[in-house]
Colleague: 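Below you will find the structure I want to go over with you.
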Amino acid sequence: MPEITLSQAVNQAIAEEMRRDSNVFLIGEDVAEAGTPFKVTSGLVEEFSTERVIDTPISEPGFMGLAVGAAMTGSRPIVDLMFGDFLFLVMDQLCNQAAKIHYMSGGKLNVPLVLRTNLGATRRSAAQHSQSLHALVAHVPGLKVAMPSSAYEAKGLLKTAIRDNNPVVIFEDKLMYQDKAFVPDEEYLLPFGEAAILKEGRDVTLIGTSSMRQVCERAAILLDKDGINAEVIDPRTIVPLDENTILNSVKKTSRAVVVDEGHQNFGTTAEIASRISEKAFYYLDAPVIRMGAMDVPIPFSPVLEDLTVPTAERVAENARKIVSGELVHAL
Amino acid sequence: MPEITLSQAVNQAIAEEMRRDSNVFLIGEDVAEAGTPFKVTSGLVEEFSTERVIDTPISEPGFMGLAVGAAMTGSRPIVDLMFGDFLFLVMDQLCNQAAKIHYMSGGKLNVPLVLRTNLGATRRSAAQHSQSLHALVAHVPGLKVAMPSSAYEAKGLLKTAIRDNNPVVIFEDKLMYQDKAFVPDEEYLLPFGEAAILKEGRDVTLIGTSSMRQVCERAAILLDKDGINAEVIDPRTIVPLDENTILNSVKKTSRAVVVDEGHQNFGTTAEIASRISEKAFYYLDAPVIRMGAMDVPIPFSPVLEDLTVPTAERVAENARKIVSGELVHAL
Amino acid sequence: MKKNKHNTEFYLRLYKQMTKIRVFEDNANQLYLDAKMPGLTHMYSGEEAVAVGICEALRISDKITSTHRGHGHCMAKGANFNQMFCELLGKVEGYCRGKGGSMHIADQANGNLGANAIVGGSMGIATGSALRAKLQKSDDVTVCFFGDGATAQGLMYEVMNMAALWQLPIIYACENNGYSEYTTTEEIAAGSILERARAFGIEAFNVDGQDVIAVNKLASDLVEKARKGKGPFFIELMTYRYHGHHVGDINRTYYRSKKEELDWKNNRDPIQILGSFLESEGIASDAELMEIHSTISREAKDAVDYALNAAYPDTSEVDLHVFQEV
Amino acid sequence: MKKNKHNTEFYLRLYKQMTKIRVFEDNANQLYLDAKMPGLTHMYSGEEAVAVGICEALRISDKITSTHRGHGHCMAKGANFNQMFCELLGKVEGYCRGKGGSMHIADQANGNLGANAIVGGSMGIATGSALRAKLQKSDDVTVCFFGDGATAQGLMYEVMNMAALWQLPIIYACENNGYSEYTTTEEIAAGSILERARAFGIEAFNVDGQDVIAVNKLASDLVEKARKGKGPFFIELMTYRYHGHHVGDINRTYYRSKKEELDWKNNRDPIQILGSFLESEGIASDAELMEIHSTISREAKDAVDYALNAAYPDTSEVDLHVFQEV
Ligand SMILES: Cc1ncc(C[n+]2csc(CCOP(=O)(O)OP(=O)(O)O)c2C)c(N)n1
Ligand SMILES: Cc1ncc(C[n+]2csc(CCOP(=O)(O)OP(=O)(O)O)c2C)c(N)n1
Ligand SMILES: [Mg+2]
Ligand SMILES: [Mg+2]
């Protein structure tokens, strides 16, 4: 099994699917010769030509709309949105159009498109280039939302997304593009709605999406040293959400910490925590702890920015508290 | 105390604040002579002239941007967004700009603007004119979110919003514009972050936002007949959220149902329920029940549309179940 | 110039298609007045020559996108009364199984990608459909219908720019009926709409939207050019809506005069204009035209009855079609 | 034409202002190369005549909005080295207490409403500032700076339409440096940028963005007109960025040639062009110009040292300024 970067994994997924299905094309700003600012799509234009690797003007609502129309008429576009923060520009085309067309047409039309974008702070990019906005699209019925946590997931989930007949938004962690993971030689797809149990444990369940999976894994190592045996779960997709795997784990451990890089308020941690609290109510020995990004615009100054995102140390600390019965928030 | 409609209440609030402060102006589509499709702003242009009651082209991102710039330079614009669904069009100007400018400028600039819009289904307006999108803006730090549940709240909260130095999004229930309530003769303002306890009770807490407050009140009447004594709370603003009033109530009743007209998944019920579950953990006798709108685009057909929104009957039914120990969701 | 047989039939077809739209709208309006239709709807009456003139230049595999005022486009592209009335009444036999309603009617089989309740919301979709045609090396053309009010949406300029850069087979058809809701076009559009298209390097034309033959001639020309890869094009069609902005907009003298309305209805009605032409050319007599009208009216009445008695969707449909399962 | 004393001083000021920007950017780039600056930044070098020519036509109460490539606008509108370097390094004494960084520098006191990391994102803000001036019956003018790439954002057409309808005192200043990121302007802009503005009824001008005197003359003219209520206006300024799209964009031959870069630097440098003019007019000698450069360089070096040693914000600032408390 070769070890490749997340960037290479994405590139491979796109190339493989473009080879397999001539309806797939890539569209976005500087995706062709420049290969995007993150160099994720480098080389694709050489193989597939500018017909299928399409550089656009800086018109996010416009090319998002084009992709919707192309998808409705038989194409399977992959839209490259350079920064997750630009989601705010395409919300109408994504949420009022793409998400609703299948339903509004009574099942006659459909929109098989993938919107690839990213999330993640601590890159010193300040408030308009650092947001993790997956909770917003997850709130809109008709959109699926995938959150790969390593090169392995990035490839498998993206291939599944491209073959899905519905609009899928996939968030890559922009700080992880150079991180390596082992990826099978053979073709593989990762199903949506199946969480991964990355480490089994019996004392507490740590649930981490995307960038926060590694944070949870590191927290689990810290906890091990204290004799606390944590189970680590990566939901992989938040719509659909694999509730069963999460609930089964919490029923076993009786405790959970939910960690996510989106803002905490009205965010992903609220959805996961409230489902656990409701549906595993009688199994819980302690309140479910939510750890999202701070509810502040992401500041530029490194000394401030680093405070806004959950860290392994703080996850471990919270887990320790609920395991020991010392509560974090409960009044 | 005169009884006036919610529409009149909004109209009075705007007129009073425009008289009080010459920096306040109103901008949006057909707000002047036409007084909006809901006739909410009728008469204002006659008093304040087209200089301060400004009809725009159908350019939601554009006039939202204009309002941000005017607010940064001393005006206090009230933006009229005809349907809450059009929020998706103004998200960049609202969330990337208005919400972040005060923070990004280190406190130097600020954006005192009010975005008035609406929510609510069952008006047979289908998927693009029926959404309740308040959870989306509540997720974005830097925005306050008010949800008036009657003419009384509509007037008091809007006046507070206009005087706030930050961007405020206020959602009126478009089905409630003709509903009447008693409103004081004298001027009054309702503070943000203070929930209203509409009915005291000891057995279960029903928390209902905006349109769902009446649903909860009706549910409480149904429950009374069964000898179940429900407490009804209207948070009034969801950012800031009056956590204390909610938690104190649940500590007393030990049970809660959270009802909101936004989609359930990743929505307002998740935030409120997860805060209760976390912070009143040891007081709960049953899982907190979430009741949001169904996670489907709003269908046109009345027989389908009516299924998507929580009703008093279903709220009462869920409340009965948790009071009797018969669970709704817990596995 | 004496019309040949082919044109005779074609002109009669134009007349029938326009009449179908007018009759459909009259019935829809009545359903609203009788409180038999849920919600509101926007009438196309008065603008029939636009949809018919253009859609008659298209073939079934060509695509259109439509607007909130979309019944005319839908009929003109081939829809039938039954499924349309069923949709307006939220019945399961409607084009969208009752889930879309008036503002979202789509008719995939006839190439109508759908009405849209977001003003300007379908401009990207239409342009994407044209991109698809180009990528597939098909010679299908897409027509994007929108109102004068929609020219205020920035999306239009974004997609026209890309259509022009990539020479996409699309025609932007601006139905300038003088108003967006309760506001005149002069109040909301600075400069010139045609010049805006031209500034993006797009050839742009103005045509009398009440003259179905003129509309059809221009459209046929441009569609043929677009098929050969010479798109995009832009047409501004001057027209008028007879009813209010929507069926509920009854008292409208505060934004437009009765006189103006009457002038358009009496002197610039597209059906009358074509009718007079047909009579003067000896293609059809007044009686024949009346007969066309009453036949269509009977068909419409039957369809209304059918729709009124048709079934609503089963409640189990409420969470069907959120996602397409594979 | 012999320049009078007033012009002499003014020309020297133009020279100093442009030099300040160039020197600032050279230092910022060095901070990046030395890994002393967090994140990335976009250099304005080569485009100095645009910001300086325009801002010298403004007074302090006039407003500007700026872009991701915003250091030049900020300096030209009156900012000082210390607070700018502090901001770039995330220090609490920066213009935004370190919270904004390079892409969000705002300088309220001098009328700079802020840089923006959303391309085109400040076009609404600028137009709103002009609306405010009109509502207040003030004669302040707002200038909206943006790049050629930003002309692809629909927002621009929405706000130009309103500015034209309402005759707002705003000047749209399009810095056409031939590229948006790694793509040439021809590839992303169909038709003509100037014609687009004109189609909205806005008077539009093209000017050599390397000739600070020409820029200033045109800007002064238009600012005066705008003050009198004759706005809006549009200027396209032809210019060039010397560095990559951002400081990290080092290998760029795949999208533009070294030859092209050298040609601009050697033959169209705005500081050299003004310098030669000053020498030929006898306003300043080569030595005097060198002296200006070294004085400014010393000031910049001091400011860099100051900023490097300045304090970071206290961690308690992290949740300050989310909301303004009353
Ligand atoms: C984005 C958006 N803004 C506002 C509206 C409300 N609205 C519906 S139709 C309409 C007027 C449209 O005018 P025009 O495009 O000229 O079409 P017409 O109604 O004249 O056919 C408006 C403002 C909407 N549906 N969508
Ligand atoms: C809405 C948005 N899309 C894309 C980007 C990424 N981006 C930053 S600068 C830039 C190019 C801008 O080109 P131009 O407007 O010509 O300004 P220049 O960099 O040439 O000064 C792009 C695409 C962005 N910041 N915002
Ligand atoms: Mg119109
Ligand atoms: Mg540029």
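The shown structure was predicted, so the numbers you read here are calculated from the model rather than taken from an experiment. FYI, side chains are in, hydrogens and waters are out, and symmetry mates aren't considered; it's all heavy atoms of this structure.
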Colleague: Mind ranking G124(D), G98(D), A163(D) by heavy-atom pairs under 4.5 Å with chain B and telling me who comes out on top?
Modeller: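 Sorted descending by pairs with chain B, the first entry is G124(D).
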Colleague: Determine whether Q136(D) and T73(B) make a side-chain contact, defined as any pair of heavy atoms from C-beta on separated by less than 4.5 Å.
Modeller: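 The answer is no, as the side chains (C-beta and beyond) never meet within the 4.5 Å cut-off.
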Colleague: Between G65(B), P77(B), A67(B), which has the largest tally of heavy atom pairs under 4.5 Å with chain D?
Modeller: G65(B)
Colleague: At a 4.5 Å cut-off on heavy atoms, which part of L113(D) comes close to chain B: side chain, backbone, both, or neither?
Modeller: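 Its backbone and side chain both get close to chain B.
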Colleague: Quick one: closest heavy-atom pair of S75(B) and L135(D), and the distance?
Modeller: OG-CD1, 4.4 Å
Colleague: Step through the shown structure and confirm whether more than 12 heavy atoms of other residues, nucleotides or ligands are within 6.0 Å of CZ on F38(B).
Modeller: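 Yes, CZ of F38(B) has more than 12 neighbouring heavy atoms, counting only those of other groups under 6.0 Å.
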Colleague: Does any backbone or side-chain atom of K144(B) lie under 4.5 Å from a heavy atom of chain D? Answer side chain, backbone, both or neither.
Modeller: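 Both parts, heavy atoms under 4.5 Å.
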Colleague: I need the residue from I54(B), V111(B), I58(B) with the largest number of non-hydrogen atom pairs under 4.5 Å to chain D.
Modeller: I54(B)
Colleague: Identify which part of L143(B) has an atom lying under 4.5 Å from any heavy atom of chain D, answering side chain, backbone, both or neither.
Modeller: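 Only the backbone of L143(B) comes within 4.5 Å of chain D.
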Colleague: Do M104(B) and K99(D) come close enough that some side-chain heavy atom pair is under 4.5 Å?
Modeller: no
Colleague: Would you tell me whether N116(D) and Q97(B) have side-chain atoms, one donor and one acceptor, within less than 3.5 Å of each other?
Modeller: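 Indeed, the side chains of N116(D) and Q97(B) share at least one donor-acceptor pair under 3.5 Å.
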Colleague: Among L168(D), N161(D), L320(D), single out the residue with the greatest number of heavy-atom pairs under 4.5 Å to chain B.
Modeller: L320(D)
Colleague: Identify which part of Q93(B) has an atom lying under 4.5 Å from any heavy atom of chain D, answering side chain, backbone, both or neither.
Modeller: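 Contact with chain D: side chain only.
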Colleague: Under 4.5 Å from any heavy atom of chain D, what part of F25(B) do you find: side chain, backbone, both or neither?
Modeller: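 Contact with chain D is through the side chain of F25(B) alone.
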Colleague: I need the residue from L131(D), L155(D), T127(D), I118(D) with the largest number of non-hydrogen atom pairs under 4.5 Å to chain B.
Modeller: I118(D)
Colleague: Say you draw a straight line from CE of M64(B) to CD1 of I125(D); how long is it, rounded to the nearest 0.5 Å?
Modeller: 10.0 Å
Colleague: With a 4.5 angstrom heavy-atom cut-off, is it the side chain or the backbone of V168(B) that approaches chain D, or both, or neither?
Modeller: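 For V168(B), neither part sits under 4.5 Å from chain D.
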Colleague: For a 4.5 angstrom cut-off between non-hydrogen side-chain atoms, does E158(D) reach P57(B)?
Modeller: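 No. Closest side-chain heavy atoms not under 4.5 Å.
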Colleague: So, do I101(B) and H104(D) sit near enough that their side-chain heavy atoms are less than 4.5 Å apart?
Modeller: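 Answer no - side chains too far apart.
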Colleague: V239(B) versus F323(D): any side-chain heavy-atom pair under 4.5 Å?
Modeller: yes
Colleague: Heavy atoms only: give me the nearest M162(D)-S59(B) pair and the separation to one decimal.
Modeller: CE-CB, 3.9 Å
Colleague: Indicate the atoms forming the closest heavy-atom contact of A106(D) with L109(B), along with that distance.
Modeller: CB-CD1, 3.8 Å
Colleague: Could you tell me which portion of K134(D) (side chain, backbone, both or neither) has an atom closer than 4.5 angstrom to a non-hydrogen atom of chain B?
Modeller: neither
Colleague: What heavy-atom pair brings L66(B) and W166(D) nearest, and what distance separates the two atoms?
Modeller: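 Between these two residues, the closest heavy atoms are CD2-CZ3, 3.6 Å.
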Colleague: May I ask you to test the Q108(D)-S105(B) pair for a side-chain heavy-atom distance under 4.5 Å?
Modeller: no
Colleague: Can you say whether L165(D) sits under 4.5 Å from chain B via the side chain, the backbone, both, or neither, judging by heavy atoms?
Modeller: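 For L165(D), the side chain is the part near chain B, not the backbone.
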Colleague: Hey, what do you get for NE2 (H102(B)) to SG (C96(D)), rounding to the nearest 0.5 Å?
Modeller: 12.0 Å
Colleague: Determine the option with the most heavy-atom pairs under 4.5 angstrom with chain B, choosing from A133(D), P313(D), S129(D), G100(D).
Modeller: S129(D)
Colleague: Would you check if the side chain of N166(B) reaches a backbone N or O of Q324(D) as a donor-acceptor pair within less than 3.5 Å?
Modeller: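 Checking the backbone N and O of Q324(D) against the side chain of N166(B), a donor-acceptor pair under 3.5 Å is found.
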Colleague: Determine whether a donor-acceptor pair (N or O, by modelled atom type, separation under 3.5 Å) exists between the side chain of Y103(B) and the backbone of V318(D).
Modeller: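 Yes.
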Colleague: Donor-acceptor check, side chain of K108(B) to backbone of Y95(D), threshold 3.5 angstrom: yes or no?
Modeller: yes
